[in-house]
Each structure stands twice: as C-alpha cells, then as structure tokens.
Amino acid sequence: MLQQEKMASIGLLAAGVAHEINNPICYVDMNLGTMEEYIQPIETALRAAQELIEALPEDAPEELRQKAQTFREVYESEDIDFILEDMRNIISESREGSERVKEIVQTLRDFSHVDTSERKYADIHEGLDSTLKIAWNEIKYKAEVVKEYGDIPEVFCYPRQLNQVFLNIIVNAAHAMQDKGTIRIKTWEEDGYVNIAISDTGCGIPKENLSKIFEPFFTTKPVGKGTGLGLAMSYNIVKKHNGEILVESEVGKGTTFTIKLPIEADLGADTAEVEKSQNETVQP
Ligand SMILES: Nc1ncnc2c1ncn2[C@@H]1O[C@H](COP(=O)(O)OP(=O)(O)OP(=O)(O)O)[C@@H](O)[C@H]1O
Ligand SMILES: [Mg+2]
C-alpha cells in the first residue's frame, strides 16, 4: 500500500477502536470514582463499630463479649486496616490507569478527527509563538530556543491543527535533548510554499528508524511516556494541507523537521458544518 493509503486506513481503524474504547473506559473511570467515595463511609462505620465494641462494659453478657471478640479477631486476622489503606492505593492507581487510557483515546480521536476549527489565512509565527508558550514547561530546562523568522505571508490553513503539529515536533525536540541544547525555528518562503524548519541538537534518529517514525504507535520512549502518535498525527495534518513533512537526522548531532505548506492550499469544500453534526457525545 502507498504510505498515504496506509495512513488513511490506520486512521479509520484508530477512530473505530477509540470509539469502542471510549464508552467502557468512561464508566470504568466513573465507577472507580464512586468506589473511592464509598471507602470513607465504610471506614467511618467500621470505626464506630470498633468504638462500640471497646465501650462494652466488663460485666456485659457473655454472649455479647463473645461476639465482640469474634469481631476483633476477624479485624486482626484479615488485617482490615491494611485492606482499607490498600484499597485507596489500588483505586487511585486504577484511576491513573484509566486517565491514561482516556488520554490515549482522545489522542486517537484527534488523530482521525478532521477538526471543525475554522480554516483561514493565519500567521504561522503567531502559531509557533503560542505553541512555544504551551510547550514551555517541557522546554525551559532542556533547550534554548532560537527563532530565525523570515518574511512569510499568511497561509490558508486550519491553524489549530498546525499548532498541534508544531507542538508535537517541538516537544519531541525537547525530549531528544540529553543535556541542555538548542531548538532552532526557521521560517522562509519559497516557490509558493512557506517552510518551517525545527531543528534540535538532540540525540538524533538512527537510520533504521527514519522510515518508521511517522507510523502510528512507533515510539522509542518508555511505556507511559510516549504513544507514538505525535508524528503520525502530524503527518496526517500536513498531508491534509497538501504539504510535506521532511526529516533529516544524524545520530549524536541532532534532527531537523521541515514542514512545507502551500500558501494557497486547496482544503476542499468547507465540511465543518457536516462534521460538527457527526460529532457525537457519548453517554457513559
Ligand atoms: N527530534 C527528535 N529527535 C530524536 N528522535 C525523535 C525526534 N522526533 C521523533 N523522534 C523519534 O520518533 C519517535 C516517534 O515520535 P512521535 O512523536 O510519533 O511519538 P512519541 O513522541 O514517541 O510519542 P507521542 O508523541 O505520542 O507522545 C520517537 O519515539 C523518537 O524515537
Ligand atoms: Mg511525540
């Protein structure tokens, strides 16, 4: 299959999977939240029972004292205090897990989603600057940012989607830095295209990985850190703008991603209204 067809069919698959997972994970998450709330009253009731038992007078009937003793024994042998404590931890870990799944589902939906944000002539430098602000926490201890903004015209595009592309590439650049490095952002106009080159002085990408980095779920990051969807999503968005995304990299030296965007992209008919009505809300 051609790369483009492959991406399109994976996009559809991703959308289907995201849709299927979204509902169950929403109620798993909600139920975990309810369970978390239930622990407190259970604990309160148990404490009250304990106090009642401790308050039992010495001369209470034998039968009652027996029952109190059974309660104490069960409480001890089953280690109820530990169970309560552990239940809290288990639920909060599970919630972290379900939060993470929800995030991944959201990314998958964005990935296959033609966003409904307005398309217009937009200033790419504005997009880059607001993206840098958003990514600042990831960047500030890792890299110095050098801007070499050229004289470029506004580009007909989906600005929010392009910002998503810039964000993915800039965050990847920051992640690639072992020590402090430099992220250089250069823009220029050439032959009806606006070019945006984002370079880093990070670890670089080995040759054998260069052909894989745009594939969904390709990641070299540890579990929980990367989904491997950033560049696949970026690739889709740039393609939609009839643009190109190129990569050059040298291991140990750094990487440059260049995004080429036609100034007057043919974005097809305005489908925003249709897509809005297809945007279902899912009830848990
Ligand atoms: N600037 C870069 N320097 C070095 N390696 C990179 C760079 N950008 C991307 N890569 C490599 O490409 C892989 C895929 O990148 P991509 O953005 O698609 O996914 P990710 O960053 O691993 O996860 P996600 O973006 O979904 O959180 C990365 O795991 C990394 O190995
Ligand atoms: Mg990424």
Side-chain angles (χ1 to χ4, degrees), residues 3-4 6-8 10-11 13-15 17-18 21 96-97 99-113 115 128 131-132 134-148 160-186 195-240 243-260:
Q3 180 73 1
Q4 210 173 335
K6 197 162 130 192
M7 300 298 295
I10 290 170
L13 179 73
V17 173
I21 295 175
E96 267 170 43
E99 275 303 321
R100 176 90 184 118
V101 174
K102 271 166 62 180
E103 265 172 43
I104 294 174
V105 166
Q106 192 51 49
T107 316
L108 279 168
R109 299 184 110 199
D110 293 345
F111 171 69
S112 46
H113 187 229
D115 101 8
L128 285 166
T131 306
L132 280 169
I134 293 172
W136 193 239
N137 269 331
E138 298 273 351
I139 304 170
K140 59 185 175 193
Y141 302 119
K142 289 282 200 83
E144 173 199 14
V145 176
V146 177
K147 297 182 201 170
E148 291 176 26
R160 287 230 311 256
Q161 292 196 11
L162 286 184
N163 288 352
Q164 201 62 51
V165 174
F166 303 148
L167 183 66
N168 281 321
I169 293 176
I170 289 168
V171 169
N172 281 350
H175 283 170
M177 308 283 186
Q178 266 110 21
D179 306 311
K180 195 149 179 150
T182 306
I183 298 176
R184 192 174 295 274
I185 307 179
K186 200 176 152 186
N195 297 270
I196 304 118
I198 301 172
S199 310
D200 65 65
T201 54
C203 59
I205 304 168
K207 267 210 169 58
E208 64 270 23
N209 287 352
L210 273 181
S211 58
K212 300 183 202 145
I213 54 170
F214 293 105
E215 283 174 13
F217 303 113
F218 176 80
T219 181
T220 55
K221 292 174 189 171
V223 178
K225 186 100 203 254
T227 332
L229 286 172
L231 284 176
M233 203 164 97
S234 305
Y235 181 94
N236 267 8
I237 293 171
V238 173
K239 269 283 164 235
K240 208 158 54 194
E244 266 187 282
I245 178 165
L246 310 169
V247 57
E248 278 171 277
S249 190
E250 198 177 323
V251 172
K253 283 254 167 82
T255 307
T256 301
F257 283 89
T258 306
I259 303 153
K260 298 171 102 55

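The structure presented is a predicted model; accordingly, all values stated were derived computationally and were not measured. Below, all heavy atoms of this structure are taken into account, side chains as well, without hydrogens, waters or symmetry copies. Read the numbers this way: they start at 1 and go in the same order the structure lists the ligands and their atoms.
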Looking only at N/O atoms, are [X] and ligand 1 under 3.5 Å apart anywhere?
| X | value |
| --- | --- |
| Ile205 | no |
| Ala176 | no |
| Leu229 | yes |
| Lys221 | yes |

- Query: So, Thr219 and the Mg ion (ligand 2): N/O/S under 2.8 Å, yes or no?
  - Reply: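 Looking at Thr219, which is the residue asked about, there is no N, O or S atom under 2.8 Å from the Mg ion (ligand 2).
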- Take Thr227 and Glu103 through the side-chain contact (heavy atoms from CB on, under 4.5 Å) test and state the conclusion after the steps. CA-CA 10 Å; Thr227 332; Glu103 265 172 43; over 6 Å; no
List the closest protein heavy-atom neighbour of [atom]: residue, atom name, distance to the nearest 0.1 Å.
| atom | value |
| --- | --- |
| atom 11 (C) of ligand 1 | Ile213 CG2, 4.0 Å |
| atom 30 (C) of ligand 1 | Thr220 OG1, 3.4 Å |
| atom 22 (O) of ligand 1 | Thr219 OG1, 2.6 Å |
| atom 17 (O) of ligand 1 | Asn172 ND2, 2.8 Å |
| atom 16 (P) of ligand 1 | Leu231 N, 3.6 Å |

- Query: Hey, does Phe214 sit under 4.0 Å from ligand 1 if you only count heavy atoms?
  - Reply: no
- Message: Would Gly202 count as a contact residue for ligand 1, given that I'm defining contact as a non-hydrogen atom of the residue lying under 4.0 Å from a ligand atom?
- Response: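 It does not; every heavy atom stays at 4.0 Å or beyond.
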- Heavy atoms only: which of Asp200, Val171, Ile198 is nearest to atom 2 (C) of ligand 1? Asp200
- Query: Between Gly226, Gly228, Pro216, which one has a non-hydrogen atom sitting closest to atom 19 (O) of ligand 1?
  - Reply: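 Looking at heavy atoms only, Gly228 sits closest to atom 19 (O) of ligand 1.
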- Residues Thr255, Ile198; criterion side-chain contact (heavy atoms from CB on, under 4.5 Å); working and verdict: CA-CA 8 Å; Thr255 307; Ile198 301 172; over 6 Å; no
- Query: Relative to the ring of Tyr235, is the ring of Phe214 parallel (under 30°), tilted (30 to 60°) or perpendicular (over 60°)?
  - Reply: tilted
